Amino acid sequence: MSETRLRFPPSPTGYLHIGGARTALYNWLYAKQTGGKLILRIEDTDTDRSTAESIDGIVEGLQWLGIDFDEGPYFQTAFAADHVAAADRLVASGHAYKCFCSKEELESKREAALAAKKPLGYDRSCRNLSASEVAAREAAGLPSVVRFKVPDRPGSLGYDDKILGRIEAAYAEIDDFVIVRSNGLPLYLLCNVVDDIRDRITHIIRGQDHMTNTLKQVLLYEALGAPLPVFAHMPLTLDTKKAKISKRSHGEIVAVQFYRDNGFLPWALNNYLALLGWSAGNDREFYDREELIREFSLERINKSSAIFNYRKDDPKFITDPKILFFNEHYLRTMPVEELAPLVAGELQAAGLWDEAYDGARRQWYLDTLALIRDRFHTLKDFTSLGRAYFADDFAVDSKPLEKNVLKFPDLVTWLPMLADRYEKLAEFTLESTEQVARELAAELAVKPGVLINAMRTLTTGQLAGPSMFDIVVTLGRDKVVARLRDVAKFF
RNA sequence: GUCCCCAUCGUCUAGCCAGGUUCAGGACAUCGGCCUUUCACGCCGACAACACCGGUUCGAAUCCGGUUGGGGACGCCA
């Protein structure tokens with residue numbers, strides 16, 4: 001069997017959204033699984049809406065997700081000659097014809113049909129124009145488009161969809177669709193097929209919104225004498241109100257870039273996307289790259305559409321809770337060596353990076369990440385909630401300050417006492433620091449928790465965090481002593 | 001309006017093709033509990049669904065038909 005060739009053909013009219021990313025991911029998975037190739041083709045024939053910015057955004061988004069392509073990006077406009085040649089060939093072979101109906105005429109007919117609740121299709125009035133009639137209209141300078149002549153046969157045509165099964169429609173139901181604009185530029189339906197034939201695409205995995213287009217494209221393949229690729233129409237991604245997701249109505253939350261900019265791990269998003277509409281038939285939910293490539297299958301993609309369950313009304317969830325769940329899972333289970341460079345990027349951006357973290361303090365850096373990552377949701381938390389581990393200018397939250405410090409005014413003398421003892425400690429370890437703190441609490445006749453919670457507040461600025469003495473040892477004697485002695489400034 | 005597709009907990013889904021082992025399993029979210037000097041993790045538990053109506057059958061979430069609901073397409077957009 002020859003190699004499988006797949007493509008991801010975005011139109012550069014916006015950013016890469018999660019629905020598009022999912023389509024790209026499924027194509028990528030299938031290409032990888034079958035040892036085939038993935039081609040990126042930018043479908044920029046809509047020159048009015050295509051932007052260079054959008055192209056960059058799409059390429060960057062795919063790159064961030066780790067969805068690499070083997071060929072491209074190709075640009076559809078670069079193959080305009082192919083498209084025109086194919087259209088000419090279809091007209092010459094009698095598979096297509098010129099139509100002189102004006103936009104206005106068609107529009108009024110469509111409105112009339114809508115009002116009369118009749119089918120909206122083209123009435124084929126130019127379909128049987130004689131050669132002389134065509135010549136006369138051309139001589140009169142009438143603009144024309146090219147329409148595909150849907151075979152006038154009984155019965156139906158169809159194709160076998162890998163996901164949906166057999167899809168059929170009666171020939172009579174299919175409109176004589178336009179393949180070339182009046183300005184001579186071929187349209188998507190044709191360009192797409194011509195490009196897929198030229199690129200030797202064997203499998204087309206795309207959204208179900210293309211289902212009816214596919215029938216027309218099957219006709220095009222047939223007329224162009226090319227073999228049909230395998231089609232697989234995947235379910236759409238809708239919002240909680242079952243409407244298509246779009247930037248206009250949902251904002252940046254549906255853009256892949258949003259996840260990159262908000263400290264998400266690319267694989268967490270991939271894992272989420274893979275399971276949005278596909279499952280291996282078991283309860284498995286975590287996959288690494290190789291496992292997903294191996295287990296993925298077209299046949300097990302769901303038929304029904306999936307809902308992107310974001311809730312903009314709940315500040316706790318900046319996106320679909322399940323994306324957060326996957327992100328948190330990978331954040332605390334991935335090898336800390338892999339996490340290290342990602343956090344490094346955040347620290348650098350925040351001006352908290354120290355070259356020593358890659359050198360002499362490498363081990364400290366890794367240990368610290370391992371210690372603090374359990375409570376974090378995204379990469380962003382390392383520089384916000386975790387700032388005290390990398391800098392001295394961290395903020396102390398008012399809530400823990402109130403609850404753990406100000407409530408016990410005596411701490412203003414107790415904490416410096418503890419600092420003194422820590423300073424004199426021969427060995428600054430987990431055991432010794434805990435022992436000293438507990439001894440002091442006993443001497444002062446207070447519960448150890450009073451001292452411990454105050455310590456956490458002063459050393460990290462946070463209400464919650466790792467076990468106190470892990471923090472103490474991680475921060476080191478100097479910082480702990482200094483921060484404890486600083487207690488007075490809060491009173 | 002016409003044509004096409006779809007239909008299991010709030011959400012993602014398993015089970016359906018090869019009907020009984022399912023008064024439907026898992027995950028997220030939610031709510032309780034345990035653990036913890038904190039918070040989280042973890043663990044335990046609770047809540048929660050086969051859209052409806054008929055048919056076939058000894059037996060239907062599973063097969064068939066219809067209804068309803070949802071989505072898509074119907075563009076000189078892609």
Side-chain angles (χ1 to χ4, degrees), chain A residues 9-13 43-46 48-50 76 99 101-103 106-107 110 113-122 143-147 161 163-165 167-170 173-175 177-183 185-189 191-192 207-216 233 235-236 238 240 242-244 272 275-285 302-311 314 316-317 320-326 328 332 373-377 400 403-404 437-438 441 447-453 455-457 462-468:
Chain A
S11 58
T13 54
E43 306 220 318
D44 54 350
T45 53
D46 185 349
D48 290 346
R49 295 196 300 152
S50 299
Q76 194 161 50
C99 167
C101 298
S102 71
K103 278 186 191 178
L106 294 173
E107 191 51 44
R110 188 175 299 121
L114 207 52
K117 306 198 170 189
K118 291 270 179 51
L120 307 176
Y122 176 60
S144 66
V145 300
V146 177
R147 285 183 185 274
D161 193 287
I163 296 168
L164 266 10
I167 302 293
E168 289 187 340
E173 293 288 348
I174 302 169
D175 232 19
F177 52 98
V178 176
I179 55 177
V180 182
R181 296 176 170 97
S182 55
N183 65 7
L185 293 177
L187 256 4
Y188 164 78
L189 240 27
C191 299
N192 193 247
Q208 280 178 13
D209 48 344
H210 287 285
M211 226 166 44
T212 31
N213 282 338
T214 305
L215 262 354
K216 295 173 180 172
H233 288 99
L236 266 17
L238 309 175
T240 49
K242 299 202 171 170
K244 264 197 191 173
Y272 162 81
L275 258 23
L276 191 67
W278 172 85
S279 88
N282 52 35
D283 294 331
R284 176 116 188 232
E285 50 192 344
N302 267 277
K303 293 179 176 180
S304 48
S305 51
I307 290 169
F308 172 59
N309 190 29
Y310 81 108
R311 325 185 198 163
D314 192 339
K316 187 177 161 193
F317 300 104
D320 188 327
K322 209 133 189 177
I323 301 181
L324 252 358
F325 164 72
F326 277 113
E328 288 159 9
R332 48 190 172 242
R373 65 173 168 174
D374 274 4
R375 287 155 188 83
F376 293 167
H377 307 289
K403 184 181 167 193
N404 295 332
R438 286 187 185 280
K447 283 193 278 191
V450 172
L451 244 34
I452 291 169
N453 288 331
M455 286 167 75
R456 179 177 292 106
T457 304
Q462 299 292 311
L463 181 62
S467 171
M468 191 56 231

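A, B, ... follow the sequence lines: proteins, then strands. Residue 1 opens every chain. Computed from a predicted model, the values in this text were never measured in an experiment. All values below were derived from every heavy atom in this structure, side-chain atoms included, with hydrogens, water molecules and symmetry-related copies excluded.
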Worksheet, complete the sentence: Per-nucleotide protein contact along nucleotides 73-78 of chain B, 5' to 3', at a 4.0 Å heavy-atom cut-off (B base, S sugar-phosphate only, - neither), is SBSBBB

Response to the item:
Shortest non-hydrogen pair, A:Arg456 vs A:Gln462, comes out as CG-O, 3.7 Å

Discussion item. Nearest whole Å is fine: how far is B:G72 P from A:His233 NE2?
Written reply: 15 Å

Worksheet, complete the sentence: Taken to the nearest whole Å, CZ/A:Arg284 to C1'/B:G25 is 18 Å

Practice prompt. Mind listing the closest non-hydrogen atom pair of A:Ile163 and A:Asn302 along with its distance?
Written response: CG2-O, 3.8 Å

Discussion item. Suppose we define a pair by two distances each less than 3.5 Å, Watson-Crick or G-U wobble; what does B:A29 pair with here?
Written reply: none

Worksheet item: Does B:G59 have a Watson-Crick or wobble mate here (both distances under 3.5 Å), and if so which one?
Response: none

Worksheet entry | Nucleotide opposite B:A73 in a Watson-Crick or G-U pair, distances under 3.5 Å | B:U2

Worksheet entry | Polar side chain donor-acceptor pair, A:His377 to A:Glu328, under 3.5 angstrom | yes

Worksheet entry | B/S/- contact track for nucleotides 35-52 of chain B, protein heavy atom under 4.0 Å | --BBBBS-----------

Worksheet item: With a non-hydrogen cut-off below 4.0 angstrom, is A:Ile167 in contact with a base, only sugar-phosphate, or nothing?
Response: sugar-phosphate

Response to the item:
Atom CG of A:Asn282 and atom P of B:A14 are separated, to the nearest Å, by 10 Å

Worksheet item: Do the side chains of A:Lys244 and A:Asp209 get nearer than 4.5 Å, heavy atoms only?
Response: yes

Fill in: Euclidean distance for C1', B:G25 against B:U62 (whole angstrom)
15 Å

Worksheet item: What is the base-pairing partner of B:A14, counting Watson-Crick and G-U wobble geometry with both distances under 3.5 Å?
Response: none

Worksheet entry | Contact pattern, 5' to 3', of nucleotides 7-12 of chain B - B, S or - by protein heavy atom under 4.0 Å | S---SB

Fill in: Opposite nucleotide pairing with B:A51, Watson-Crick or G-U, both atom distances under 3.5 Å
B:U67

Discussion item. For a quick check of understanding: with a heavy-atom distance under 4.0 Å over all strands, which category does A:Phe317 fall into, base, sugar-phosphate or nothing?
Written reply: sugar-phosphate

Worksheet item: Using purine N1 to pyrimidine N3 plus N6-O4 or O6-N4 for Watson-Crick, or N1-O2 and O6-N3 for G-U wobble, each under 3.5 Å, what pairs with B:U38?
Response: none

